[in-house]
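Source: prediction; values computed, not measured. First the proteins, then the strands, lettered A, B, ... as listed; each starts at 1.
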2 protein chains.
Amino acid sequence: MGNSKLYKGSLNTIILKLLDEEGKMYGYEITQKVKELSKGELNITEGALYPALHKLEAEGLLDVEVAKVDNRLRKYYKPTEQGEKETINRLAELEDFIRSMQQLVNPKWSIQ
Amino acid sequence: MGNSKLYKGSLNTIILKLLDEEGKMYGYEITQKVKELSKGELNITEGALYPALHKLEAEGLLDVEVAKVDNRLRKYYKPTEQGEKETINRLAELEDFIRSMQQLVNPKWSIQ
DNA sequence: TCCTATGCATAAGAAATTTATGTATATTAG
DNA sequence: CTAATATACATAAATTTCTTATGCATAGGA
């Protein structure tokens with residue numbers, strides 16, 4: 001919410017990471033998972049999520065599979081082979097970034 | 001460089017934090033300090049930095065003091081009283097954000 | 001029956017940045 | 001001595017990324 005503006009640029013990587021972990025997920029599920037994992041700290045808005053998913057698909061990093069559950073539409077996304085490779089790279093980049101931010105913001109912290 | 005796009009939204013807080021620590025700094029000095037502290041990982045571009053400093057000044061969070069050193073202009077910025085209060089708040093928010101990101105990206109990490 | 005949750009989508013606008021310039025002085029390498 | 005690099009500021013145009021505001025539709029609970 002308040003600090004959602006902070007993850008500009010990292011949303012795509014978060015999506016890739018979750019999909020890589022879970023195998024496949026649908027949009028709404030991703031928003032709930034992020035909320036859960038961050039204990040309510042991070043809320044992905046639909047206006048950010050869906051365009052991001054479409055872009056990742058257009059880039060060939062995700063595959064879609066439509067399903068109907070309880071008479072409701074779901075679009076399951078899962079990483080392509082290329083998507084899995086990209087996930088590794090982007091995740092490493094994001095981890096480096098987080099480490100750098102910590103170094104700047106609170107050098108007393110150390111990562112175990 | 002590559003991941004400079006990742007700190008969208010956190011640049012202002014980084015600036016405030018450094019100025020709070022050092023007392024006062026000038027623009028170019030900030031870019032060098034960030035580069036040094038992050039071991040070359042984070043590079044603040046001038047096109048991002050100077051407008052950010054001007055905005056923080058306009059918001060009443062920074063004071064400016066012009067100096068001429070070696071026949072070259074320098075603009076020293078330092079936090080106002082209000083700026084110091086804001087630094088505390090924004091820093092706390094950024095730390096929460098970093099912790100949340102870690103939780104998402106690498107739950108194995110823990111902060112000591 | 002209305003509100004909330006689930007589930008998708010897009011368009012307009014805002015915000016933060018990159019990229020590309022521009023100006024000027026000082027220093028260092030060739 | 002001259003060209004490149006470093007120091008030091010600045011701004012404008014374009015881009016990226018996100019928020020906010022909608023819209024549609026089904027399901028379930030109060």
Please tabulate, one pair per line, each protein N/O and nucleotide N/O from nucleotides 11-13 of chain D that are separated by under 3.5 Å, including the distance.
{"unit_1": "dT11(D)", "atom_1": "OP2", "unit_2": "His54(B)", "atom_2": "ND1", "d": "3.4"}

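- Applying the salt bridge (Lys or Arg N to Asp or Glu O under 4.0 Å) rule to pairs touching residues 56-72 of chain A yields Lys55(A)-Glu59(A), Glu59(A)-Arg90(A), sequence neighbours excluded.
- Judged as a side chain to side chain contact (heavy atoms under 4.5 Å, CB included), and not counting sequence neighbours, the contacts of Leu37(B) are Leu104(A), Leu18(B), Lys33(B).
- Between Lys55(B) atom NZ and dA14(C) atom C1' there is a gap of 10 Å when expressed in whole angstrom units.
- Rounding to whole angstrom units, CG of residue Asn12(A) and C1' of dT17(D) are separated by 9 Å.
- Under the rule for a side chain to side chain contact (heavy atoms under 4.5 Å, CB included), the partners of Asp20(A) that lie at least two apart in sequence or sit in another chain are Glu84(A), Thr87(A).
- Taking atom CG of Leu73(B) as the reference point, atom C1' of dA24(C) lies 10 Å away to the nearest angstrom.
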Heteroatom pairs (N/O) under 3.5 angstrom, protein to nucleotides 28-30 of chain D:
none

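- If you measure from atom CZ of Arg74(A) to atom P of dA27(D), you get 13 Å, rounded to the nearest angstrom.
- At dA9(C), one or more side-chain N or O atoms of Lys75(A) fall inside 4.0 Å of OP1 or OP2 (strictly under the cut-off).
- Sequence neighbours left out, the pairs with a member in residues 55-86 of chain B that pass ring pair (Phe, Tyr, Trp, His ring centres under 6.0 Å) are Tyr26(B)-Tyr76(B).
- Between the side chain of Thr31(A) and the main chain of Ile44(A), no donor-acceptor pair closer than 3.5 Å is present.
- Screening residues 39-71 of chain A for ring pair (Phe, Tyr, Trp, His ring centres under 6.0 Å), with sequence neighbours left out, gives no hits.
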N/O contacts under 3.5 Å, protein versus nucleotides 1-5 of chain D?
none

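- Nucleotides of DNA chain D nearest to Leu49(A) and Asn71(A) differ in position, and the one nearer the 5' end is that of Leu49(A).
- In this view, Lys17(A) and Glu21(A) satisfy the side chain to side chain donor-acceptor pair (under 3.5 Å) rule, not counting sequence neighbours.
- Residues Leu73(A) make up the rest of the hydrophobic cluster containing Val66(A), defined by ILVMFWY side-chain heavy atoms closer than 4.5 Å, directly or through other members.
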